[in-house]
Amino acid sequence: MAQRMRTENLKAWYGMNQILKGITMDIEKNAITAIIGPSGCGKSTFIRCLNRMHEVNEGTRVEGKVWFEDQDIYAQSIDPVELRSRIGMVFQKPNPFPTMSIFENVAAGLRLHGIRRTSELNDAVEESLQMAGLWNEVKDRLQHPGVSLSGGQQQRLCIARALAVKPEILLMDEPASALDPVSTGHIEDLAIKLKHQVTIVIVTHNLHQAARISDRTAFFLSGDLIEYDNTKDMFISPSDKRTNDYISGRFG
Amino acid sequence: MNSHAQLQTEVQQNASLQQKIYQKRRFRWMDHGFKWLTFSFGCIILIMFVWIILELTNESKQSISKFGLGFIFSQDWNPVKGEFGALPFIYGTIVSSLIAIIIAAPISIGIALFLNEMAPKWLKQPVAFMIELLAAIPSILYGLWGLFVMVPFIRDWLQKPISKYLGGFPLFSGAPIGLGMLTAGILLAIMIIPIITALARDVIRVVPTLQKEGYLALGATKWEVIWKIILPFARPGILGACILGLGRALGETMAVTMVIGNRAEIKASLFAPGHSMAAVIANEFTEATDDIYLSSLIEIGLLLFLVTFVLNAGARFLIWTVAKGSKGGVKG
Amino acid sequence: MLVIVVLLTSLALIPLISILSYIIYKGAPAINLDFFTKLPAAVGETGGGIGNSIVGTFVLILIASCVGLPVGIMAAIYLNEYMPKGMYSSTIRFVIDVLLGIPSVVIGIFAYLAFVKPIGHFSAWSGGLALAIIMIPIVTRSTEEILRLTPNSMREGSYALGISKWRTILHIVLPYSIKGIVTGIMLGIARVAGETAPLLLTAFGNHFWNTSISEPIASLPAQIFEYAKSPFDDWIQKAWGAAFVLIMLVLLINIAARSLTRSRLKNVD
């Protein structure tokens with residue numbers, strides 16, 4: 001499989017705390033990579049480093065290299081803002097823009113990138129909502145506020161919003177942890193469907209979710225990458241004892 | 001259209017939305033531009049502040065060098081003779097503000113306790129709103145009302161009976177004319193009640209609920225909770241609120257000048273007319289004909305500035321200690 | 001205990017009711033069309049109005065807003081969005097605290113020294129600037145507080161779309177907090193609308209229509225002060241009339257501002 005991203009000895013700090021202690025791993029194209037591990041292991045920080053979102057908070061620091069295609073995204077010449085339109089992100093809690101309608105939420109990214117033609121926007125919004133599996137539910141009320149939707153719908157709206165700017169990679173930070181089982185199912189189906197178009201990296205604390213949807217799984221513990229393998233292999237025969245302990249529920 | 005341009009349009013049409021987005025990152029300079037723009041507006045505030053201090057100190061230099069410390073201790077204010085001593089104004093400002101704070105502090109704390117701890121929900125909002133409205137009334141209107149409504153009222157209902165029975169005391173001697181120190185103090189009290197109330201409410205609000213409920217669970221009455229838990233905990237903050245109220249009273253201009261009588265004298269009687277620092281500036285500034293007169297008024301302004309500066313800094317510190325204490329309390 | 005506290009509260013509300021009712025009772029009869037449109041009558045004559053003072057107050061507020069609002073709002077954006085911590089920001093916050101506490105008459109002295117003395121005469125714009133200096137700390141403080149309440153998840157959602165910080169601020173953060181910011185602005189305007197002392201030292205006053213902002217200008221509060229000190233009954237009645245106009249202006253702005261935030265809080269719930 002082709003590789004899409006690669007981190008090399010990636011270290012990250014939050015204030016004085018070192019969250020990541022040197023992560024080296026590849027992320028494959030058109031696959032779903034799941035990151036699992038107990039809370040506080042640095043899995044969220046890791047994907048926030050992949051589109052340079054970690055640095056928007058104060059007192060944070062990143063060292064090491066992250067290769068995207070053949071570019072180090074932490075190189076001087078890279079514009080983090082542009083990078084983030086190529087590597088999208090969906091957050092733990094659905095965060096549609098509260099002042100905007102459903103349509104405007106999806107169109108927001110495009111508009112602010114300077115695309116103004118109505119037909120173009122209409123097409124893009126419909127396409128993104130289709131991809132997110134939300135179109136049939138909201139097509140008659142596109143002008144309603146985005147926050148009027150249910151939690152699961154809001155999260156899919158956020159996915160549509162992220163897809164609208166055509167990212168090559170979609171980072172998902174525990175996207176279903178705040179949702180009910182039915183909505184979680186929707187998001188999982190969606191991820192599997194989307195992987196043919198975008199590369200997905202998903203952080204989850206739900207092992208079953210990782211097992212169900214991901215192609216590759218990485219196990220993080222206290223800022224270290226313990227094991228990284230094909231999901232099947234990892235869940236059936238983990239090579240590290242700590243991974244085994246974790247997936248058999250002995251801690252975390 | 002030449003072939004090159006045609007080619008270009010075709011290429012553009014074929015370009016995917018995605019590429020369009022990458023190309024469209026315009027106004028990149030605004031990333032830093034906007035930051036520096038907002039930064040420079042912050043600088044304006046700092047420059048303004050430094051400029052205020054420089055102007056005040058610069059222009060009062062003449063008066064400072066001529067009168068020195070005597071300016072503060074001299075009672076003579078005689079523009080015609082060129083003699084300037086600020087004591088009558090300082091005295092008037094301090095006495096009227098003290099009267100105000102003595103009246104306003106207990107009332108404000110009472111209101112704050114009422115609104116935070118006792119009032120039924122339906123009453124809370126309207127009363128709080130009305131108290132806030134009291135703060136919204138411009139001081140010139142307090143002055144107008146004070147002059148035409150409060151002055152006669154205080155003269156007839158407060159001063160006349162008191163001077164009838166207690167006129168022998170120096171504190172209440174003199175003709176009951178209504179205008180004067182006492183009236184100014186009462187008017188100032190009304191004006192600073194909303195300020196102290198609002199701040200005191202904020203301070204009382206941060207008293208940890210755990211402590212209150214724990215004490216109630218031990219069988220204490222609400223009254224005991226207020227005296228044993230809330231007030232001791234909030235004491236520095238309430239003190240800070242009172243100091244901020246005092247600071248506002250010291251600088252109050254229009255309302256005071258309309259009811260204090262505007263006479264640069266120091267009298268023991270609360271019924272006697274007096275003057276205040278802010279009032280003398282408002283009244284005489286535009287009439288100050290020579291430099292030393294103007295400079296003396298500016299020095300009074302500088303003194304006001306310094307006093308309010310110190311009071312504010314101190315009060316903020318006290319309020320801050322309560323806020324910090326409550327955070328520690330929650331953890332512990 | 002309850003009785004005492006209720007008593008204290010009503011004690012504080014008596015002046016409010018008294019002030020409002022007196023201003024309406026004495027001021028309302030003075031109101032007629034001439035009052036809004038005519039110039040003040042000459043000494044000894046009755047009639048006339050305070051049209052120039054009403055216009056003057058609006059001109060002064062306009063000048064103050066044009067200068068004060070951009071400074072206040074932009075500074076608040078810097079404080080909250082770009083540099084919530086650090087020396088520079090704490091210094092500005094401290095200065096704002098101090099400015100909030102400075103008596104307005106002292107601001108008047110400064111505006112006189114900085115804007116009137118070098119030019120050699122009183123002017124509308126010097127009065128407007130004095131009011132702007134009073135307005136800036138109020139607006140900065142309230143705007144910063146409102147921006148701080150804006151959820152961070154919204155900003156992150158925007159950054160994750162590849163939207164730059166300044167666009168996020170202008171298109172996502174500000175629209176979300178606009179009602180709260182406008183409330184702060186309105187309260188700031190209501191506050192300076194009634195300021196008197198700094199105007200006596202800068203805008204001074206004027207018995208005629210003002211034709212240029214480099215001339216002295218009349219204002220409601222200064223006119224009230226002038227009339228209230230006068231020995232003529234007609235002028236004193238005019239003072240009450242002007243007080244009526246001023247308090248209506250101030251109260252309307254206040255009530256409008258508060259209802260704006262209240263409806264917003266409802267939306268959030």
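Treat the numbers as computed from the prediction; the structure is a model and nothing was measured. Chain letters run A, B, ... following the sequence lines, proteins first and then strands; every chain starts at 1.
Residue contact with chain B, scored on non-hydrogen atoms closer than 4.5 Å, is absent for C:Leu79. The part of B:Leu294 that comes within reach of chain C is its side chain, from C-beta onward, which places non-hydrogen atoms under 4.5 angstrom from that chain. When heavy atoms are compared at a cutoff of 4.5 Å, C:Ile107 approaches chain B solely by way of its side chain, counted from C-beta outward. If you measure heavy-atom distances from B:Thr257 to chain C, the contacts under 4.5 Å come from the side chain alone. The contact between B:Glu55 and chain C is made by backbone and side chain atoms together, counting heavy-atom distances below 4.5 Å. At a 4.5 Å heavy-atom cutoff, the contact between B:Asn283 and chain C is made by side-chain atoms alone. For chain B, the nearby part of C:Tyr22 is the side chain; its heavy atoms alone come within less than 4.5 Å. Of the two parts of B:Phe285, only the side chain, counted from C-beta on, holds a non-hydrogen atom closer than 4.5 Å to a non-hydrogen atom of chain C. Interface remark: B:Met254 contributes side-chain atoms only to the contact with chain C (heavy atom separation under 4.5 Å). Residue B:Met150: no heavy atom, backbone or side chain, is found under 4.5 Å from chain C. Only the side chain of B:Ile226 comes within less than 4.5 Å of a heavy atom of chain C; its backbone N, CA, C and O stay farther away. If you measure heavy-atom distances from B:Ile190 to chain C, the contacts under 4.5 Å come from the side chain alone. Within the 4.5 angstrom heavy-atom criterion, atoms from both the backbone and the side chain of C:Pro70 approach chain B.
Counting heavy-atom pairs under 4.5 Å between each of B:Thr308, B:Ile52, B:Leu134 and chain C puts B:Ile52 at the top. Ranked by heavy-atom pairs under 4.5 Å with chain C, the list B:Thr253, B:Leu311, B:Leu144, B:Ile131 is led by B:Leu144. Note: B:Leu133 leads B:Leu115, B:Thr197, B:Leu133, B:Leu113 in heavy-atom pairs under 4.5 Å with chain C. When each of B:Lys222, B:Glu252, B:Met130, B:Glu117 is scored by its heavy-atom pairs under 4.5 Å with chain C, the top score falls to B:Met130. Looking only at heavy-atom pairs under 4.5 Å with chain B, the residue among C:Ile77, C:Ile224, C:Leu201, C:Val250 that has the most is C:Leu201. Of the listed residues (C:Leu220, C:Leu200, C:Ile255), the one with the most heavy-atom contacts under 4.5 Å to chain B is C:Leu200. Of the listed residues (B:Pro138, B:Ser40, B:Pro106, B:Ala135), the greatest number of heavy-atom pairs within a distance under 4.5 Å of chain C belongs to B:Pro138. Heavy-atom pairs under 4.5 Å with chain B peak, among C:Val105, C:Leu100, C:Ile14, at C:Val105. Comparing C:Ala193, C:Ser18, C:Ala228 by how many heavy-atom pairs each has under 4.5 Å with chain B, the most go to C:Ser18. Ranking B:Cys43, B:Ala315, B:Gly143, B:Gly33 against chain C, the residue ahead of the rest is B:Cys43, based on heavy-atom pairs under 4.5 Å.
A distance of 5.0 Å separates CG in C:Leu16 from CD1 in B:Ile137, rounded to the nearest 0.5 Å. Here the CZ atom belonging to B:Arg316 is positioned 4.0 Å from the CG atom belonging to C:Asp97, to the nearest 0.5 angstrom. Taking CG of B:Leu141 as the start and CD1 of C:Ile19 as the end, the distance is 8.0 Å to the nearest 0.5 Å. To the nearest 0.5 Å, atoms CD1 (C:Ile102) and CD1 (B:Ile53) are separated by 7.5 Å. Remark: C:Glu195 CD to B:Ile140 CD1 distance equals 10.5 Å, nearest 0.5 Å. Between the CD atom of B:Glu59 and the NZ atom of C:Lys117 there is a distance of 3.5 Å, given to the nearest 0.5 Å.
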>> Under the criterion salt bridge (charged side-chain N to carboxylate O under 4.0 Å, His left out), I'd like the reasoning laid out for C:Glu81 against B:Lys35: C-alpha separation, chi angles, the key distance, then a yes or no.
In response: CA-CA 9 Å; C:Glu81 301 295 317; B:Lys35 181 177 177 178; over 6 Å; no
> Given the rule in the side-chain contact (heavy atoms from CB on, under 4.5 Å) test, do C:Val6 and B:Phe114 qualify, once you have shown the distances and angles that lead to the verdict?
Replying inline: CA-CA 7 Å; C:Val6 170; B:Phe114 175 67; 3.6 Å; yes
>> With side-chain contact (heavy atoms from CB on, under 4.5 Å) as the criterion, how do B:Ile111 and C:Val5 come out once you've worked through the C-alpha distance, each side chain's angles and the decisive distance to 0.1 Å?
In response: CA-CA 6 Å; B:Ile111 298 173; C:Val5 171; over 6 Å; no
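Closest approach of B:Ala136 to C:Asn254, counting heavy atoms only: CB-ND2, 3.3 Å. In plain terms, the two heavy atoms of C:Val71 and B:Phe41 that are nearest each other are CA-CD2, 3.4 Å. When all heavy atoms are compared, the tightest approach of B:Ile193 to C:Ala12 is CG2-CB, 4.1 Å.
Aromatic ring centres of C:Tyr88 and B:Phe39 lie closer together than 6.0 Å.
Atom CZ of B:Phe148 is surrounded by more than 12 heavy atoms from other residues, nucleotides or ligands within 6.0 Å. Heavy atoms of other residues, nucleotides or ligands lying less than 6.0 angstrom from NE2 of B:His32 number 12 at most. Other residues, nucleotides and ligands contribute more than 12 heavy atoms inside 6.0 Å of the CZ atom of C:Phe232.
Contact residues of residues 236-245 of chain C toward chain B are C:Ile236, C:Ala239, C:Trp240, C:Ala243 (heavy-atom distance under 4.5 Å). Scanning residues 108-115 of chain C against chain B with a 4.5 Å non-hydrogen threshold yields C:Ile109, C:Phe110, C:Tyr112, C:Leu113, C:Ala114, C:Phe115, sorted by number.
Within the 4.5 Å cutoff, the side chain of B:Leu250 has no heavy atoms near those of the C:Pro103 side chain. When side chains are defined from C-beta on, C:Ile96 does not count as touching B:Phe49, because their heavy atoms never get closer than 4.5 Å. The closest side-chain heavy-atom distance from B:Asn312 to C:Val98 is not below 4.5 Å. Using a 4.5 Å heavy-atom cutoff, the side chains of C:Ile23 and B:Trp145 are not in contact. For the pair C:Leu170 and B:Phe34, the minimum side-chain heavy-atom distance is below 4.5 Å. When side chains are defined from C-beta on, B:Ile45 counts as touching C:Leu99, because their heavy atoms get closer than 4.5 Å. In this structure, C:Lys165 and B:Asp31 have side chains that are not in contact, with every pair of non-hydrogen atoms separated by 4.5 Å or more. The closest side-chain heavy-atom distance from C:Ile136 to B:Met48 is below 4.5 Å.
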